[in-house]
Amino acid sequence: MTIFLLAIIFRVVHLQYVQGDVYRKLATELTIRQDTIYANKGNVYASDGNLLATSMSKFTIFMDLVTVKNSVFEENIVALSKELSKMLGNSPSYYQKRLRDAKNKKRRYFLIARNIGYTDYLKMKKFPIFNLGVYKGGFIAKHRTERAHPIGKIAERTIGYDDFRGEAGIEGAFADYMQGQNGLRWEQKIAKNQWKPITDYNEKEPVDGHDIITTIDVNIQDITHHALLDKLEYYQADHGCAVVMETATGEIKAISNLGRTSKGKYYEKRNYAIWESHEPGSTFKLASLLAVLDDKKIDTSTVVDTEKGRIFIHGAKVEDSHRGGYGKISAARVFEVSSNVGIVKLIKEHYDHQPEKFIEKLEKYGFTKPIGFQIKGEGKPKIPVPSDKSWSKISLEWMSWGYGVSVTPMQTLMFYNAIANNGVMVKPRFIKELRTQDKTEKVFKTEVLHPKIASQETINKVRKIMENVVVRGTAKEIYSPNFSMAGKTGTAKKFVQKHTDKDGKIVSAGYSNKRYVASFAGFFPAENPKYSCIVVIHDPKKDKGYYGGSVAGPVFKEIAQKIYTTTPIDKQAVDEEVQFKSIEKAYLSYDDILAKEYSEIPNVKGMSGMDALSLLENLGLKVKVNGVGKVVSQSLKKGTPIQKGKTILLKLS
């Protein structure tokens with residue numbers, strides 16, 4: 001027994017003093033840990049300060065009922081239950097019963113509420129019992145953040161994200177800048193493998209990430225999104241995009257990318273405007289016309305024989321949509337009516353022997369390489385050159401009317417914007433500045449990619465022709481006498497790979513007669529462009545319509561029209577000199593009427609309906625009006641004591 005006792009004493013001393021530090025460290029590691037408090041990512045703002053994306057704090061609240069003294073619990077449980085009832089719903093008795101049960105069962109991690117906001121969290125901290133803190137009040141709060149888009153799904157792909165889905169859009173491009181620094185706090189392990197904070201303050205406070213100010217205008221974005229969505233739904237199209245760009249600066253004011261689900265709904269599926277490189281069709285004819293005019297090969301009045309609207313080049317057919325053709329017309333008219341035969345003949349005649357010259361023009365216009373966005377996923381353009389193995393005898397001619405080439409909608413818009421900007425090609429941009437706690441760190445200025453893509457004389461000519469496209473050409477359906485627009489329609493057949501159709505038949509590769517891409521690119525106002533815009537709609541239902549002028553054109557018009565009517569005028573001059581003395585006299589007399597204090601119903605006969613309505617409602621009466629003009633009778637007579645909330649009927653002339 002003595003030997004056994006000595007062994008125990010030896011072991012205790014050995015554990016306490018020889019191995020004590022090791023086991024104390026192990027015990028601490030098993031029962032105490034550092035918990036990460038994730039920092040809020042920076043916010044993404046629209047150009048006018050509206051929030052596009054932000055991190056919202058969410059809290060899950062628990063209660064350790066073991067730490068709360070019985071006397072404190074009994075004294076405050078009724079008051080706590082009432083406060084919980086006000087905030088969370090259910091009756092006070094419901095919370096009383098649950099809290100008492102939890103207290104009796106000695107619950108140390110009893111759930112009070114999930115996913116409450118920061119404001120409610122601050123209120124709850126002040127509730128009875130909870131206001132005593134972690135140890136005396138048992139108040140445990142688990143914090144997390146979630147990303148929210150206050151304007152909903154609009155422009156979601158461009159605003160982007162940086163999470164399990166990957167890095168997309170603006171948030172993906174600036175993920176490191178927006179991330180912030182995480183904080184730390186100590187937690188202690190309690191029963192059932194649960195952890196609670198040791199203190200109610202943090203070891204290291206988190207630091208929020210930096211903010212990004214975009215070029216997006218929420219009003220224009222809303223207009224663009226709904227204009228596109230309306231036509232996609234009507235034409236039951238597969239997908240589409242619409243982009244609005246400020247002409248002088250290159251700022252993208254709106255970008256909408258909508259794809260169709262199997263249920264026929266539309267959402268921001270992909271960033272088609274940047275990602276999707278495709279054959280543009282007739283919108284590419286502007287590049288062909290600009291090149292041949294700027295090289296002074298032709299003039300706008302040069303006559304082109306479009307024959308009967310159909311020609312063959314090395315066995316390949318080129319055909320106009322207008323049956324029978326246009327006969328002999330000017331080069332300007334070729335563009336206005338979008339004659340495929342006409343533009344092909346012009347390019348073939350002047351560049352067939354030197355296609356490199358034409359390719360050089362396309363390089364100057366920004367079509368041969370990606371624009372170079374910080375946003376990931378930009379599509380690669382495809383412009384064939386004579387040295388390519390795929391180059392054929394008809395490659396040049398097919399390029400001239402937008403086939404055999406592949407460009408993104410954003411490249412086309414950048415080119416059209418250069419025409420609107422008197423030949424100055426600016427890079428499209430989404431970011432205005434980077435900011436930290438209201439301090440600007442970096443401002444993104446307009447980047448000029450080419451100071452002049454063509455002579456001013458040529459630019460002026462094509463701008464006038466583009467205006468005529470809307471007035472008397474393929475886009476005349478969208479013409480409005482109230483505001484001017486200029487642009488070009490595009491209708492391209494889609495190239496379909498070899499496949500098996502729904503009936504099991506093998507369909508050879510080639511251009512489809514059922515699937516189209518309808519587009520419209522242009523700018524407004526035509527005489528002094530402020531915005532350029534492109535609309536591209538893929539696979540509209542053919543029986544409903546598929547031409548660029550009737551499918552994409554109306555979207556462009558709606559965007560332009562609503563921007564005209566909703567965008568504030570920058571400068572307004574106000575002349576304070578009185579122009580009409582009778583109006584001024586009536587205005588001053590109405591001021592005198594309002595200045596009086598009334599205890600009785602006034603006589604409003606002879607007053608204008610609007611003035612009488614304003615006066616009586618200010619006196620606390622409910623006013624019903626019948627007719628328009630001046631007051632001829634009133635249901636409550638002059639001198640009747642005023643009773644607030646009473647209804648008076650006015651009959652107007």
Side-chain angles (χ1 to χ4, degrees), residues 27-40 54-150 152 163-164 182-206 208:
T28 301
E29 288 175 353
L30 292 173
T31 59
I32 296 176
R33 72 179 183 185
Q34 272 192 339
D35 184 39
T36 301
I37 305 171
Y38 292 98
N40 287 330
T54 187
S55 291
M56 295 181 65
S57 291
K58 294 292 182 181
F59 295 85
T60 300
I61 308 300
F62 299 91
M63 186 177 184
D64 182 355
L65 286 124
V66 174
T67 63
V68 182
K69 290 182 178 179
N70 290 336
S71 58
V72 173
F73 182 80
E74 292 300 334
E75 188 178 339
N76 293 282
I77 186 174
V78 174
L80 175 59
S81 299
K82 286 180 179 178
E83 294 299 330
L84 290 174
S85 175
K86 289 177 187 177
M87 178 179 287
L88 305 175
N90 294 317
S91 64
S93 60
Y94 168 83
Y95 291 105
Q96 264 200 69
K97 183 179 183 304
R98 292 194 68 211
L99 289 169
R100 286 190 184 280
D101 288 345
K103 180 72 172 169
N104 292 333
K105 293 176 182 177
K106 297 183 179 181
R107 296 282 296 276
R108 305 208 64 178
Y109 220 66
F110 178 66
L111 177 66
I112 299 295
R114 294 184 190 275
N115 298 327
I116 65 171
Y118 183 68
T119 305
D120 285 341
Y121 158 73
L122 292 178
K123 288 180 181 177
M124 196 174 280
K125 279 183 73 173
K126 297 177 182 178
F127 284 2
I129 303 180
F130 290 166
N131 57 9
L132 299 176
V134 176
Y135 288 107
K136 293 182 180 180
F139 184 75
I140 304 171
K142 287 285 187 179
H143 173 245
R144 67 179 180 84
T145 60
E146 63 180 35
R147 208 64 178 156
H149 289 185
D163 53 25
F164 64 91
N182 294 333
L184 295 170
R185 71 174 171 185
W186 288 102
E187 291 186 328
Q188 186 173 26
K189 191 175 184 180
I190 57 176
K192 297 181 180 179
N193 202 31
Q194 296 171 339
W195 296 81
K196 67 177 279 189
I198 293 176
T199 61
D200 54 4
Y201 58 86
N202 298 323
E203 185 76 16
K204 178 185 175 185
E205 292 295 335
D208 290 348

| Side chain of Lys106, backbone of Val66: donor and acceptor closer than 3.5 Å? | no
| field | Polar side-chain atom of Ser85 near backbone of Asn90 as donor-acceptor pair, under 3.5 Å | value | yes
| request: Apply side chain to side chain contact (heavy atoms under 4.5 Å, CB included) to Lys105 and list each qualifying residue two or more places apart in sequence or on a separate chain. | output: Arg107
| All side chain to side chain contact (heavy atoms under 4.5 Å, CB included) counterparts of Lys97, not counting sequence neighbours | Asp101
Nearest 0.5 Å, what's the [atom1]-[atom2] distance between [X] and [Y]?
X: Asn115; Y: Thr60; atom1: CG; atom2: OG1; result: 5.0 Å
X: Glu83; Y: Ile129; atom1: CD; atom2: CD1; result: 11.5 Å
X: Arg114; Y: Leu88; atom1: CZ; atom2: CG; result: 12.5 Å
X: Met63; Y: Phe130; atom1: CE; atom2: CZ; result: 5.0 Å
X: Leu99; Y: Tyr94; atom1: CG; atom2: OH; result: 10.0 Å
X: Thr67; Y: Arg108; atom1: OG1; atom2: CZ; result: 7.0 Å

| Hey, are the side chains of Met124 and Phe139 touching, using non-hydrogen atoms and a 4.5 Å cut-off? | yes
| said: Check Glu74 with Lys69, please: is the shortest side-chain N to carboxylate O separation under 4.0 Å? | reply: no
For the residue pair [X] and [Y], what are the closest heavy atoms and their distance?
X: Leu65; Y: Ala102; result: CD1-CB, 3.3 Å
X: Ile61; Y: Ala141; result: CD1-CB, 3.8 Å
X: Asn76; Y: Val72; result: ND2-O, 2.9 Å
X: Ala79; Y: Pro128; result: CB-CG, 3.7 Å

| field | ring-ring contact (aromatic ring centres under 6.0 Å, His included) partners of residues 59-92, not counting sequence neighbours, each pair once | value | Phe59-Tyr121, Phe59-His143, Phe62-Tyr109
| query | Under 6.0 Å from the NZ atom of Lys82, do we count more than 12 heavy atoms belonging to anything else shown? | reply | no
